[in-house]
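Below: the structure, in structure tokens.
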Amino acid sequence: MRIWHLIVALLIGLGPAHAQDLTVRSGEHDGFTRLVVPIGAERDWAVDEAGSERRISFSPEGPAFDLTAVFDRATRDRLGSIAMDGDLVLTLACDCPLSLFRFQETFLVIDILDPEDEAPPTEIAETPPETEIGGTEAQAASAPADSAPVAPQAVTALDDSGLAAPRPAPNTDRVTPLPDPFATPPRLETVTLPQRAPAEAAPAPTPPPSTASLAEAADHLAEQLARAAAAGLVEAQPEEPLSIGDPIVTVGAEETADVSAETGGDMAPMPDTETLPGLALRAETAFDALRHDDGAGVTAQPPLSCTPEATLNIADWSAGLGFEQEIGRLRARLYDDRDQVQPDAAADLARYYIYHGFGHEAVFWFEQDPNPPPLEHAVARVLRGDPGPVFPAIDGDAHCGGAELLWRYLDDPGHRRLAEDEEGPVLQAFAALPAGLRDILGPDLARRLQSHGAVAAAQDISDALTRGGRLSTNAERMLDMDISPTPAIATTLSALEEVMRTDRSRTPDAMMRYLALHREAGTAVSPDWLIAAEALLRETAAAPEPNGLWHEILLSHAASDELGQSLEMLADVQERAFRQQIVTELFRGAVERDDLSAMILLSMAEGEAWVPTRATTALRQALASRFLDEGLTSLALAIAPSGQPIAPSAAPNAQTLAPEDQAWRVGNWEELLPVEEGPYAGFATRILEDQAAPAEELPVEDLARLTVALSESAETRDLIQEMLRAGPPGAAN
């Protein structure tokens, strides 16, 4: 197995070098428990013993280690506990020796071995005289006569800690090796054997059948079948091609085992046989079955970091002679004399397209090779605008160069933030790009850095693009709106209108910003601009998606008292989460504008489909309070969050309710007592009496008191039914 496979499996799960805690990994094996500690190449260690405790100190002092995953793999048979108090403290559960060694100049490997047992005395059998077979010394003759055959070499696999551990070899103690039936028996020379009692001579072995006779029999059978088919005596299988009867051969497990050894076990187990054209015969014994792979395999893991030798020197992918002078020479090398694409020439042409910013063309020529360079192919896909991530997965980017770090940052969907020590390499890699690529990637890179809080780095890129003088005036305006401090709203709206009038390619983005700015300012868009936005939406065929032009037009219609148009657009949304987001935004906008009509229409149209969540609890309470202020009790109960009280609204007309209604809403039962005789006064009286009565436990055997309690419960139910029929207390009076 190649060494980098070991490094991948050993270091899997470790974070970047600048992480605060370094994880200690573990593995459990027959005979020992293994711990792998990342200490770095510059750090030494020393071990102190005190009873069952082993204290490992580091010089210079080690970092804080993450020990939470140690017992995910290791048991407590040998290692009782592990802790950090400046040193690494191991408490052993047995009288186990330790074996410590450094791996790859970076890791300390700690093996906790089983206690050493006293070996039993071994009787040495009398050694027979040497036996010569074919003029060579036979080592087997010097072994004890009853010794068991040595098991074949075990296949190494990766343990949980990442280092190679022996895999148990197949048990062949009870299996007698069979001779190869297709091999030629070896010619025996002079054999000298020890003096033994005379025995009967073994019969001569039967020579194996010749493969030539099998092939001849197969050809003869095929000829007979062909004659029978021509005479109409037999037919080919219906709905199957005639080639279904072609003979095939099998390649046994000997060849596939070599392939598995070359791949280092990182691939899934290969099937036992591979079918090739030839004879369709297969012979297998129980001994052959023991040699099959056990099917466990080693799960392929992503590498720890970037490939060290990987380089992305895009500035060197062109001679600088101009596009028209180099493209012809590169395309002339694409095909050979048989009109076959040359992979190396196609890769050079794809790199040249990347240099000039043509992502689609670069991806096309890279994919002419079944195995294109993975990193360069990923760069072309990022440049083409493929949704990320498209780069090969890694566990961390601690060892990535600046160029690869830059492209991986652009490839991320937007969740990853650069560390402080990564901003410098990314800016240097950006400055080393060709001018055309800087103009293409710079605006998006600056906006992403700005959104992640790297304001200074975003401003540096914006300044570099401005100094280059190659961006259009409108492109600079759009970038300044995102990077520079926000100017007055009127100034920004005027700049966006100028962009839409003069730059057709940027009109959709400018229109979306124009509508969003009106919505954030709480102002309605003029009908002319809203009609222009609708026309632009039909022209660009923008799909319903979050934070896009379609989304802003829908919200703008609602803010312009055109809720019906918004609901018609909402009918095109099938994705549940996106629909929930839009409905929430429509309700929030109606509450902020205190648009009661919009609240009522939305509640009747989308109230049942609006899923209650914790994030919408406050908004639902505000809606329910507003509905109660207007006497819309059914709507209030339908929209209110379950189990939450409805507080009085702060709307201007909140005091128009009758005093009895206000008292009922807040539970002021004393104010309901002066109400004329009716269910509300009776209900308030009953609650006050229950609150004043002392709490007492009711004996189960007191049937008389149970009867009274049941009758009072029935009266309370009747009283509530009467209250529901009578309506609010203010209406009853």
Side-chain angles (χ1 to χ4, degrees), residues 516 519-524 546-547 551 554-564 566-567 570 573 575-672 675 679-680 683-684 687 691 720 723-724 726-732:
R519 176 171 54 83
E520 294 170 1
T523 58
N547 306 319
H551 191 180
L554 182 145
L555 298 179
S556 297
H557 276 300
S560 302
D561 294 331
E562 297 178 358
L563 183 61
S566 299
L567 294 177
L570 183 62
V573 178
E575 205 275 320
R576 182 176 179 180
F578 184 31
R579 189 181 186 92
Q580 171 86 356
Q581 174 188 347
I582 295 176
V583 173
T584 301
E585 291 177 347
L586 291 175
F587 271 119
R588 183 173 291 111
V591 171
E592 291 174 353
R593 298 188 305 271
D594 194 27
D595 189 345
L596 182 62
S597 300
M599 298 181 205
I600 296 174
L601 290 175
L602 282 172
S603 299
M604 298 179 65
E606 299 292 335
E608 294 183 0
W610 191 30
V611 181
T613 62
R614 180 175 297 179
T616 62
T617 298
L619 180 58
R620 286 177 173 272
Q621 287 179 326
L623 287 167
S625 297
R626 191 71 177 88
F627 290 150
L628 283 179
D629 294 341
E630 301 296 333
L632 303 173
T633 308
S634 59
L635 281 179
L637 296 177
I639 210 71
S642 177
Q644 298 290 331
I646 303 175
S649 172
N653 59 346
Q655 302 302 323
T656 59
L657 295 178
E660 296 85 354
D661 293 335
Q662 292 285 3
W664 175 260
R665 289 180 54 188
V666 298
N668 192 347
W669 311 117
E670 289 83 357
E671 292 188 10
L672 288 175
V675 177
Y680 288 93
F683 188 79
I687 291 181
Q691 292 177 351
I720 292 175
M723 290 164 53
L724 293 176

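Numbering of residues begins at 1 and proceeds along the displayed sequence.
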Leu554 backbone acceptor or donor facing Ser566 side chain under 3.5 Å: yes
Got a sec, which residues hit side-chain contact (heavy atoms from CB on, under 4.5 Å) with Glu592, two or more places apart in sequence or on another chain? Arg588
Considering only distance and modelled atom types, tabulate donor-acceptor pairs under 3.5 Å from the side chains of residues 596-609, sequence neighbours left out.
residue: Ser603; atom: OG; partner: Met599; partner atom: O; Å: 2.8
residue: Glu606; atom: OE2; partner: Arg579; partner atom: NH2; Å: 3.2

Asp595 side, atom CG; Leu586 side, atom CG - distance, nearest 0.5 Å: 11.0 Å
Glu630 versus Leu635: any side-chain heavy-atom pair under 4.5 Å? no
With Ala559, which residues qualify under side-chain contact (heavy atoms from CB on, under 4.5 Å), at least two apart? Arg593
Results of side-chain contact (heavy atoms from CB on, under 4.5 Å) for Ala516 - residues two or more places apart only: Arg519, Glu552
Measuring from His557:NE2 to Leu567:CG, what's the distance to the nearest 0.5 Å? 11.5 Å
With Arg620 via salt bridge (Lys or Arg N to Asp or Glu O under 4.0 Å) - residues at least two apart: none
Give me the atom names and distance for the closest heavy-atom approach of Thr613 to Thr617. O-OG1, 3.3 Å
Quick one: which residue pairs count as a ring pair (Phe, Tyr, Trp, His ring centres under 6.0 Å) with a foot in residues 581-626, not counting sequence neighbours? Phe587-Trp610
With no hydrogens and no angle check, is any side-chain donor or acceptor of Thr584 less than 3.5 Å from a backbone partner on Gln580? yes
What's the spacing between Leu628 CG and Ile639 CD1 if we round to 0.5 Å? 12.0 Å
